[in-house]
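Data block below; observations after.
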Amino acid sequence: MAEEDPLEKSVRLLDEALRTPSHPIKFNTSHKFSPYTTPNIMRFEDHEESISFDTDRLEKRRLRRSDILDLSITLEPGELSQLCDVSGVVNEKSMINIEASIDNLLPQFQSTFQSFGTTQSVFEAISSFIETCTNTIDTLFRTQYTGQDISWLVNERNTWRLIHALYRDRALKYDELQEAMTVDYSIERSEKELQEHYYKTNRTVREVQIVIDWLERIARDEWTTLNRSEVGHYTDRTVAWENTLHSLQSGDRVLFRPSREIVSSLDPDAPRRQKKPLHDIDHEDDRRLLQHVFLEIRCGRLEKAEEHCLHCGQQWRAATLEGWRLHHDPNYSEHSIDGTKLPIEGNPHRDIWKLCAWQLCSDPYTPQEERVVMGALCGHLDSLLAEAGSWEDLLWAESRVYVDIKVEQEIRDNSLRNYIDMPKEYWNNQKTLEAIFSHVKAHDKGRAEGNRPDRAVQELIILNKVEELLNRCSTWAEGQCQVQFLRFLAHLVLVLRMLGKSEPLECGNNILAAYMKALVATQNPDLISYYASLLPEETQIELFSDYMERVNDPEEKTIVLKSAEKYGLNIRAVTERTVQNIRNRQLEEDIENKSLVQETTEEDMKKISALEWMVFYREQRVEAIWECNALVRVFIAEGKLPAARLAHNKIPDDSVSLIVSQYNIEVDHDFIVHWDKFPPKVNAALKEYLCYKAYLDAHDGFNHWFHQFHNTKPTEPTKPTNGDFTELMAYEHKNEKYKQELERWNIGMEHVTRNVQTQLQNILVFPPNGWLVDSYNEDSSRSDQLLMLRDHCLPQVFLLLHKVLFSMEQFEECAKIFALIGRDEFNLDKVFKTQVALDLVKVIEDTTETLMLRSGNPFGHQCMLAPRKKPPPVPLDVLLKNVPSAAVAEEDGEMIEMPGKEDEDDNKLEASQTEDEFGFIECEVEDDDDVFVDCEEDVRESTAKSMMKFEPVNYQSGRKVTYTNIKVQDFKRMDHY
């Protein structure tokens, strides 16, 4: 193959570099002059403005650096690494670190505000916020993270910068300081001096200039972050329009002739004057240069824009960029040390330059790139708006024109020299700040972005409408907001409060409350506790208790309480509210009508676990016992005794003695506590707690007895019917062993029975007024619940006690407990309702019948019922005449009708009565015969007329008389049997 000619090779390589590729290069054309389109500002994949390569093609052959460096093209920063490596893979570890960096903003902002949370250091706090956001942004870009859009973080940083600049200026109160300053306008002052004085005395113009500087700072940061290319990357330092110059000098010898007739001279006005274009390459270079010049002006770097012009050999264009500067001769007011003249600043013919620039911008034949450059310097709004690509660009254009007109008007009004008039269209662009923002939002490119929350915040801050700002923020906080946006809103509220802008206070509290709710998902107790402490007490109690409901682990509960204590929360109120919320999470139904579910559910366990919140601090033991009692009441009513035991066990064993010591209650030598010295609520809580302890202990004791009685009793061996001698001997051996084990079992059961009898009987005779009886009536629902529990539990306890004694064949003890029902101090007679009363009558009947069969005595107390002296037998008619009303008696199988005794004779029947230690009554009648009268009392009308059967015996005569169809109310009430 013939060797390629060097000239042809150069032409081929140049052609390959300049021609439009078929697919590998894609330019970002989403905006015109501005690369700062905010919605996608920080999407990393959009940052590389110039190219994105076809990875399929590059994978076929990985390029070497030498391959790239041999090409006759200039690459942007970052393009070389893209050409050589297209992996762009972000590993999992980097992803985790990036997410952690974003999440770390929450504690960083908290730490900053804690350190600078005073009015004197408010601007240090804002500066720290800016630094925190900047560091996070830098971290994300160093890792080249493409996982999510972080424009929200960039906009937040920019908002903090705006707040810092505006409120620092507002805090200095330049207006008040400058009111005393008087300016003698009869003395000639330079344009620069008039501008400086105007800035000092006019707050609005000064703040708009701050906004302009702020917008230019945003553009600079964006340029730096995205590593934008500069015009110097595409051309070496050379003369202006070198390709046109080469064409004019070479004539027909030029290798690449222009496609059309070009200018014949190279003065700056030649294209306009001759209405002919430059060489195509120079035309493209000029367009690119003007774009970069404007971008530098947009970034507030006019000097760098002039450097670009000088770099491209267009010194005349750099000079035109200087024409806008205000004229100032310092030699009138200042003198150099060595006596030399100081340099004069600005353009003495600025008015002429400005008019020419305005006319240039108004000329439709002027290239758009050139019009936007000159429009930014002379205040031509239409040129700027035509190329604006974002909300920030629109606001920058409007604000720059606003300041330009205001300063121009001030200079012309107060300067002694005459100026050339500007066109009417120039002065027609005067607007208020509100009108500027309305115009921005009316623009097609600013409408959608201007309604975003972050832009609305920036607008209201610039307009200094704090009340409207807080109202809007409160509305946003009530909706679905990300935690990072709520963090920004919360700290914005806190900063405004430090600046004295706290109204309306309720809106700020709503925002802080919303942020605290969002922080619950982070499970960071320190963060949640700190921001809860900034809320009003009632709100912090409500929200913090909601958070505490979600915490179940005991160790986490300790950490939460320590954090709450660290920031001064009302722990007593918060923990109490938490337990109440959990306990009342489900509406309680009427316990009498509720179908009982015996199993302890997960929801029950959460309620039980909630009691742990109130036992961490010893000072809360009374409240802990009160809440525990409320929970135990429900569990007992539902029949969930295991759950009630678990709840009761949450209270430490030393709680009662601790409370006694806290209230300085004296205990006498018999270890008796004077309960009446406690406050009423404390007294009621402790008594109720002890009542439940006795009840649960008694049930545990009964369960133990039941297990021992039914599951541990030895089994009697079966005697063989036709066994041989060996089997009989084995049987005898087993029977002896059985008797020994049975004896041991009986001894053990007697001990267990005595314990459970004591426990159950302690409930029936609970001092001082009975089980669950107290005088605390401030909580009516509690009183009703206690009354229902007495009616529900005491009959069961009574029947359980009877079951234990009856099963152990302690019938005389059974007879004794019947005497407890009628004793006034325990009020047991009131708890036996209709069905329970019938059950009671049944067990009484069974007991008396069993005693009659065993000993001939229905009550098993012969010594008590024996007469003091042996009387003669009592005739039947004497016995029968004491029957209170008409009845039919059966004597030895013979039915006898008895007229009965009138009620007025009742006192005679009870002429003398005594009560023994068991509550049994002895009655003496007139003939000194001992007669025992059996009766039953029931407090309810419905059971007062119930029929009963009993069998009193005339022990003296040994005759058994059975009375039937006798009404209970016919008997004169006696205290017991």
Side-chain angles (χ1 to χ4, degrees), residues 36 38 41 109 112-113 116 118-135 137 152-178 195-196 198-225 297-302 390-404 406-407 433-434 436-437 440 454-466 469-470 473 488-489 491-501:
Y36 316 110
T38 305
I41 176 176
F109 268 67
T112 297
F113 191 78
F116 304 102
T118 60
T119 303
Q120 294 76 12
S121 57
V122 58
F123 295 109
E124 287 82 353
I126 299 175
S127 298
S128 183
F129 292 160
I130 297 171
E131 182 181 1
T132 300
C133 293
T134 302
N135 293 339
I137 294 171
W152 58 269
L153 184 56
V154 177
N155 285 329
E156 180 183 341
R157 178 190 63 181
N158 296 337
T159 305
W160 287 123
R161 284 176 175 169
L162 178 64
I163 295 172
H164 185 276
L166 286 178
Y167 278 96
R168 178 177 284 278
D169 181 80
R170 290 167 183 171
L172 294 177
K173 300 181 180 178
Y174 273 126
D175 297 341
E176 297 178 7
L177 296 175
Q178 297 300 327
Q195 181 206 37
E196 291 175 349
Y198 187 52
Y199 274 17
K200 291 180 180 179
T201 56
N202 192 303
R203 182 180 65 86
T204 303
V205 173
R206 187 174 65 252
E207 289 188 359
V208 175
Q209 182 60 51
I210 291 175
V211 172
I212 295 173
D213 297 338
W214 168 67
L215 293 169
E216 292 173 348
R217 173 66 184 276
I218 294 174
R220 287 198 301 274
D221 289 341
E222 206 170 319
W223 184 289
T224 302
T225 302
I297 294 174
R298 175 67 178 81
C299 294
R301 299 184 297 203
L302 181 61
S390 68
W391 182 89
E392 292 172 352
D393 292 335
L394 292 169
L395 181 59
W396 178 81
E398 293 276 2
S399 301
R400 191 173 180 91
V401 172
Y402 174 87
V403 172
D404 190 281
K406 288 290 185 179
V407 172
L433 286 180
E434 289 80 2
I436 287 176
F437 281 102
V440 169
D454 53 349
R455 297 306 186 195
V457 170
Q458 293 167 355
E459 174 186 342
L460 295 173
I461 288 173
I462 293 172
L463 298 177
N464 201 20
K465 296 182 177 180
V466 177
L469 172 63
L470 293 177
C473 292
F488 165 68
L489 294 182
H491 289 87
L492 176 61
V493 169
L494 297 175
V495 166
L496 291 175
R497 286 182 177 180
M498 288 193 293
L499 292 170
K501 308 289 184 179

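Along the sequence shown, the residues carry numbers beginning at 1.
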- prompt: Is any side-chain heavy atom of Lys406 closer than 4.5 Å to a side-chain heavy atom of Tyr198?
  reply: yes
message: Under a plain distance cut-off of 3.5 Å, with no hydrogens placed, do Asn464 and Arg170 share a side-chain donor-acceptor pair?
response: yes
- prompt: Rounded to the nearest 0.5 Å, how far apart are CZ of Phe109 and CG of Leu494?
  reply: 11.5 Å
message: Using the rule given for side chain to side chain contact (heavy atoms under 4.5 Å, CB included), can you reason through Val211 versus Leu215, listing the C-alpha separation, both sets of side-chain angles and the distance that settles it, and then say yes or no?
response: CA-CA 6 Å; Val211 172; Leu215 293 169; 4.1 Å; yes
field: Cationic tip of Arg298 above Trp396 ring, under 6.0 Å, 45° of axis
entry: yes
message: Go through it in stages, so that I can follow the logic: the residues are Arg161 and Leu166, the test is side chain to side chain contact (heavy atoms under 4.5 Å, CB included), and I'd like the CA-CA distance, side-chain angles, deciding distance and then a yes or no.
response: CA-CA 9 Å; Arg161 284 176 175 169; Leu166 286 178; over 6 Å; no
Between CD1 on residue Ile126 and NE2 on residue His164, distance to nearest 0.5 Å: 6.0 Å
message: Any heavy-atom pair between the side chains of Val208 and Ile462 that's under 4.5 Å?
response: no
- prompt: Side-chain donor-acceptor pair under 3.5 Å between Gln458 and Asp454, yes or no?
  reply: no
task: Apply side chain to side chain donor-acceptor pair (under 3.5 Å) to Thr132 and list each qualifying residue two or more places apart in sequence or on a separate chain.
output: none
Pairwise distance CD(Glu131) to CZ(Arg157) - rounded to 0.5 angstrom: 12.0 Å
- request: Give the intermediate values and the outcome of side chain to side chain contact (heavy atoms under 4.5 Å, CB included) for residues Ile163 and Leu492.
  value: CA-CA 9 Å; Ile163 295 172; Leu492 176 61; 3.4 Å; yes
- prompt: Judged by atom type as modelled, is there a donor-acceptor pair below 3.5 Å linking the side chain of Ser121 to the main-chain atoms of Glu124?
  reply: no
field: Considering all heavy atoms, the nearest Thr112-Ala125 contact
entry: CG2-O, 3.7 Å
message: Side chains of Tyr167 and Val122, heavy atoms from C-beta outward: is any pair under 4.5 Å?
response: no
message: Could you tell me if the side chain of Leu463 sits less than 4.5 Å from the side chain of Leu469, heavy atoms only?
response: no
message: Rounded at 0.5 Å granularity, tell me how far CG in Asp221 sits from SG in Cys299.
response: 9.0 Å
field: Check: Val495 and Phe129 side chains under 4.5 Å, non-hydrogen atoms
entry: yes
message: Run Arg455 and Asn155 through side chain to side chain contact (heavy atoms under 4.5 Å, CB included) and show every step you take.
response: CA-CA 9 Å; Arg455 297 306 186 195; Asn155 285 329; 3.8 Å; yes
- request: Determine the interplanar angle of the Phe488 and Trp160 rings, folded into 0 to 90°, and report it as parallel if under 30°, tilted if 30 to 60°, perpendicular if over 60°.
  value: perpendicular
message: Could you tell me if the side chain of Glu459 sits less than 4.5 Å from the side chain of Lys465, heavy atoms only?
response: no
task: To the nearest 0.5 Å, tell me how far Ile461 CD1 sits from Leu162 CG.
output: 5.5 Å
field: Pairwise side-chain contact, Arg206 with Asn202, heavy-atom cut-off 4.5 Å (strictly under)
entry: no
field: Non-hydrogen atoms of Val403 and Tyr199 that approach each other most closely
entry: CG1-OH, 3.3 Å
message: Give me the atom names and distance for the closest heavy-atom approach of Glu156 to Cys133.
response: OE2-SG, 4.0 Å
Salt-bridge present (Glu216, Arg400; N to O < 4.0 Å): yes
query: Does some side-chain heavy atom of Ile436 sit less than 4.5 Å from a side-chain heavy atom of Tyr402?
result: yes
query: Quick one: CG on Leu470 to CG on Leu460, what's the gap to the nearest 0.5 Å?
result: 9.5 Å
